[in-house]
Engineer: 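If you scroll down you'll find the structure; I have some questions about it.
So that the names make sense, note that chain A is the first sequence line, chain B the second, and so on, each numbered from 1.
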Number of protein chains: 2
Amino acid sequence: MAHAGLDTAAVVAAAASLADEQGLEAVTLTAVAATLAVRPPSLYSHVSGLQDLRARVAELAAGELAAALTDAVSGRAAGDALRAAGRAHRAWALAHPGRHAALQFPRPRQHDAVASVVVPMVAVMRGYGLEGEDAIHAVRAVRAAIYGFVALEGGGGFGMPLDPGDSFERLLDLLDDGLQRLSRRS
Amino acid sequence: MAHAGLDTAAVVAAAASLADEQGLEAVTLTAVAATLAVRPPSLYSHVSGLQDLRARVAELAAGELAAALTDAVSGRAAGDALRAAGRAHRAWALAHPGRHAALQFPRPRQHDAVASVVVPMVAVMRGYGLEGEDAIHAVRAVRAAIYGFVALEGGGGFGMPLDPGDSFERLLDLLDDGLQRLSRRS
DNA sequence: CTCCGTTGGCTAAGACACTTAGTTTTACAG
DNA sequence: CTGTAAAACTAAGTGTCTTAGCCAACGGAG
């Protein structure tokens, strides 16, 4: 039964799907191997081990998120771009909870992954007239707010029976207001 | 060597300290037992298992964070209170990275823990004249922003060589501006 | 002071996951 | 057709969580 047609991408994809469906904790070499109808040691032909697999899932997730953000931002500017990026991030996270959770674990060589997510956000700031250090500070604030919201929402951190979608739109309004004000000051 | 003087609180405290010092991944029953000079099965007299231990660490962490926020907010209002709460949250998280990471794992019976963190933040909103649903939406926005910032910072999510402390102060300014504007509208 | 029950520790052992080593089988190139 | 390398396998070692059952120490009742 050699050559079942596996490769690294297939293994990582299976792990990411498993994470979305059963939670990040369920991503074990045994479970992933079972998904692929293969014995656990066979995965070592494509991945160095569990740590490596998790790191690759995080990398995959960062790439997908970056693509979603880049797509959302293209053709828009300032407030439109900010809202589109925020909604795209939230929608992606709600659709892929396991992948989003995987982003939380920082791993070596993640520098490129972070950069790919930051690039479209810097472009958004350009629409507000923010450049250089101001843009970086602003990107950090916006990323923190959106990421934190999605993380709290996904983790059940909102106890009150109030639509998180409404809260999120208000958060975007608040960020837009704040960035407009910064824009006017500079 | 019976009766080594353990109890549930001591076990949870040891686990929390271990999480801060060596990361949340290092919190295993074996490691905690070693810290306490006890064999792993002995921990079952005080804790139902690993899941229970982690849940209790999260509960402890939420309580400590809530206490820090409550303390920071007392005697202040509006912008002062917001900034004090934000700085207290960030300082606590930087001092206790493992406990902060433990907050990310939602567990049953965490309702009270969430509530204890939310209460002081609702008090802050009162200082801005925000009540009811407006206050809840605002608390969600502020919690998300601060929590997200601390999580990204702690996870190495900021790649650029720019002081995170400055970024955080700007985030607090942005939130304060936004809440003031909401205040004026209502 | 002694005795006994409860408590909280222990050892032993099973189940499960990760990982390494070494083997076998398959696909493809020459 | 044959040989080689890739990719799967089985077997086995290690470490962790967890359960089961045992034993010692503390503390109150007589």
Engineer: Taking N or O atoms only and anything under 3.5 Å, show me the protein contacts with nucleotides 10-12 of chain D, one pair per line.
Structural biologist:
residue: D:dT10; atom: OP2; partner: A:Arg39; partner atom: NE; Å: 3.4

Engineer: Taking only the side-chain nitrogens and oxygens of A:His46, find out if one of them lies under 4.0 Å from OP1 or OP2 of D:dA6.
Structural biologist: no

Engineer: In whole Å, what is the span from the CG atom of B:Leu29 to the C1' atom of C:dA15?
Structural biologist: 15 Å

Engineer: Hey, what else clusters with A:Ile136 if you join Ile, Leu, Val, Met, Phe, Trp, Tyr whenever side-chain heavy atoms sit under 4.5 Å?
Structural biologist: B:Met160, B:Leu162

Engineer: What is the distance from CG of A:Leu18 to P of C:dA17, rounded to the nearest Å?
Structural biologist: 12 Å

Engineer: Is the shortest distance from a Lys or Arg side-chain nitrogen in A:Arg181 or A:Asp177 to a carboxylate oxygen in the other one below 4.0 Å?
Structural biologist: no

Engineer: Restricting to salt bridge (charged side-chain N to carboxylate O under 4.0 Å, His left out), what partner residues turn up for A:Glu131, sequence neighbours left out?
Structural biologist: none

Engineer: Residues sharing B:Leu94's hydrophobic cluster, by side-chain heavy-atom contacts under 4.5 Å among ILVMFWY, directly or via others?
Structural biologist: none

Engineer: What class does the angle between the rings of A:Trp92 and A:His100 fall in, given that below 30° is parallel, 30 to 60° is tilted and above 60° is perpendicular?
Structural biologist: perpendicular

Engineer: How many Å lie between CG on A:Leu50 and P on D:dT16, as a whole number?
Structural biologist: 15 Å

Engineer: Residues sharing A:Val119's hydrophobic cluster, by side-chain heavy-atom contacts under 4.5 Å among ILVMFWY, directly or via others?
Structural biologist: none

Engineer: Kindly say if B:Ser45 contacts the phosphate of C:dT7, meaning a side-chain N or O under 4.0 Å from OP1 or OP2.
Structural biologist: no

Engineer: In whole angstrom, give the distance that lies between atom CD of B:Glu25 and atom P of D:dC17.
Structural biologist: 12 Å

Engineer: Atom CD of B:Gln51 to atom P of D:dT19: distance rounded to whole Å?
Structural biologist: 12 Å

Engineer: Which angle, to the nearest 10 degrees, lies between the helix axes at the two ends of the helix from C:dC1-D:dG30 to C:dG30-D:dC1, each defined by five pairs?
Structural biologist: 0°

Engineer: Side chains of residues 28-46 of chain A: which donor-acceptor partners sit under 3.5 Å, not counting sequence neighbours?
Structural biologist:
residue: A:Thr28; atom: OG1; partner: A:Thr30; partner atom: N; Å: 3.1
residue: A:Thr35; atom: OG1; partner: A:Ala31; partner atom: O; Å: 3.2
residue: A:Ser42; atom: OG; partner: A:Arg39; partner atom: O; Å: 3.3

Engineer: Tell me, please, which residues at least two apart from B:Arg170 pass side chain to side chain donor-acceptor pair (under 3.5 Å).
Structural biologist: A:Asp134

Engineer: Hey, is the side chain of A:Thr30 poking within less than 4.0 Å of OP1 or OP2 on C:dC18, counting only N and O atoms?
Structural biologist: yes

Engineer: Name each donor-acceptor pair under 3.5 Å that joins a side chain in residues 9-22 of chain A to protein atoms two or more places apart or in another chain, with its distance.
Structural biologist:
residue: A:Ser17; atom: OG; partner: A:Ala13; partner atom: O; Å: 3.1
residue: A:Asp20; atom: OD1; partner: A:Gly98; partner atom: N; Å: 2.9
residue: A:Asp20; atom: OD1; partner: A:Arg99; partner atom: N; Å: 2.9
residue: A:Asp20; atom: OD2; partner: A:His96; partner atom: ND1; Å: 3.2
residue: A:Asp20; atom: OD2; partner: A:Arg99; partner atom: NH1; Å: 2.3

